[in-house]
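Not measured: the values here are computed from a predicted model. Counting from 1, the numbers follow the sequence of the chain as shown.
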Amino acid sequence: MSDRPRIIGVMTASLDGGLHPSRYTDSPDGTVEDWTAAYEQLHDRLDADAWIVGRVTMAEMAKGDPRPARAGTRPPRPSLFQARDARPFAIAIDRSGKLHFAKGDVGGDHVVVLLGQGVDDAHLAELAANGVSYLVADGDDIDLADALGTLRRELGIATLLLEGGAGINGTFFAAGLVDEFHVVIAPALDGGDDAERIVAAGDGLKGKTTLSLVDCERLAGGAVHLHYAVRKPG
């Protein structure tokens, strides 16, 4: 068994790499709804054990409010896994413990949060009370390779979809943790100077990763699905 899950990046992009479909130009070939549907169909076709996003992306789905902890509550550290047999898992990276969940799942997918060491017991108790699973790192930053190894061992996650935003995508690529990359390219442009791209990695990724085209597929709505194998250079 591999030490970590196989990581498959999956994103939708404009032709100029824009991340946000709400900013895309119109096309006579299709609509944002068509391109979103194509992405969702690809997500389902890949049939992974889990998917992972960053804090900002998960905040749009979590929709919870802070809940005071009961007096004397001492939640377990470093981990609490409340639904080991769930499939798929919805995983979020939240180093500082800012996410609040209304329940323990997102669209039926059981939530697991990866947290930094500095998160306080009150937040862990809140997650536990809402049915959310969590894993606390040994330091304030999260060792992704170590966390992924734990998810593989403890939850049996063999395949994990990496689904953004830009920062978490860039972090995974820079760390050499991505095995495949799938992009649904919409027939649209963003064009803004402030456009957020689908991958952002500080000083860039040159010398840190290589992509090789595996397949190209025409989709409905004028979109194109590009499938790449990803490897470390050398």
Side-chain angles (χ1 to χ4, degrees), residues 1-7 9 49-84 86 88-106 109-158 160-178 199-203 205 208:
M1 185 174 71
S2 172
D3 290 341
R4 65 167 176 84
R6 182 168 185 81
I7 309 298
D49 300 309
W51 49 272
I52 187 168
V53 294
R55 179 184 61 80
V56 174
T57 301
M58 184 58 83
E60 299 172 2
M61 298 176 271
K63 302 184 185 304
D65 297 314
R67 175 187 294 185
R70 295 190 304 271
T73 301
R74 294 294 301 273
R77 289 178 182 256
S79 62
L80 174 65
F81 297 119
Q82 305 206 66
R84 290 177 179 271
F89 294 96
I91 302 172
I93 294 180
D94 183 22
R95 291 174 178 83
S96 302
K98 296 180 179 179
L99 288 173
H100 302 281
F101 294 86
K103 54 182 180 176
D105 69 89
V106 171
D109 300 344
H110 180 68
V111 177
V112 182
V113 183
L114 306 183
L115 300 147
Q117 184 182 48
V119 66
D120 59 34
D121 281 350
H123 187 71
L124 296 184
E126 176 188 312
L127 295 177
N130 286 335
V132 175
S133 294
Y134 59 79
L135 174 62
V136 181
D138 291 336
D140 289 335
D141 205 359
I142 297 171
D143 184 325
L144 288 175
D146 183 67
L148 292 169
T150 299
L151 295 177
R152 180 74 166 104
R153 292 189 307 274
E154 296 290 337
L155 301 179
I157 297 174
L160 175 65
L161 300 185
L162 171 65
E163 299 188 290
I168 185 176
N169 288 345
T171 298
F172 269 73
F173 272 104
L177 294 172
V178 182
V199 179
D203 59 354
L205 291 170
K208 299 176 182 177

* Asked: Only one of Val56, Leu99, Val119 forms a side-chain contact (heavy atoms from CB on, under 4.5 Å) with Asp94, so which one is it?
  -> Leu99
[X] versus [Y]: any side-chain heavy-atom pair under 4.5 Å?
X      : Y      : answer
Pro76  : Tyr134 : yes
Val113 : Phe101 : yes
Asp140 : Arg95  : no
Thr57  : Ile168 : no
Leu114 : Ile91  : yes
Arg4   : Leu144 : no

To the nearest 0.5 angstrom, please state how far the [atom1] atom of [X] sits from the [atom2] atom of [Y].
X      : Y      : atom1 : atom2 : result
Asp141 : Gln117 : CG    : CD    : 11.5 Å
Phe89  : Leu155 : CZ    : CG    : 4.5 Å
Ile93  : Phe172 : CD1   : CZ    : 4.5 Å
Ile7   : Ile52  : CD1   : CD1   : 7.0 Å
Phe81  : His110 : CZ    : NE2   : 9.0 Å
Ile157 : Arg152 : CD1   : CZ    : 9.5 Å

* Could you tell me whether a side-chain N or O of Glu126 sits under 3.5 Å from a main-chain N or O of Pro66, the two making a donor and an acceptor? => no
* Asked: Does a sphere of radius 6.0 Å around NZ in Lys208 hold more than 12 heavy atoms from other residues, nucleotides or ligands, not counting ones at 6.0 Å or beyond?
  -> yes
* CG/Asp138: more than 12 non-hydrogen atoms of other groups inside 6.0 Å -> no
[X] and [Y]: which non-hydrogen atoms are nearest, and at how many Å?
X      : Y      : value
Pro5   : Leu160 : CB-CB, 4.1 Å
Ala83  : Ser133 : N-OG, 4.0 Å
Phe173 : Leu205 : CB-CD1, 3.8 Å
Leu115 : His123 : CD2-CD2, 4.3 Å
Gly116 : Val136 : O-CG1, 3.6 Å
Asp120 : Arg77  : C-NH2, 3.7 Å

* Asked: How far apart are the C-alpha atoms of Asn130 and Val111, what are their side-chain angles, what is the distance that settles it, and do they pass the side chain to side chain contact (heavy atoms under 4.5 Å, CB included) test?
  -> CA-CA 10 Å; Asn130 286 335; Val111 177; over 6 Å; no
* **By side chain to side chain donor-acceptor pair (under 3.5 Å) - contacts of Asp65 (at least two apart)** => none
* salt_bridge(Arg74, Asp121) N-O dist < 4.0 Å -> yes
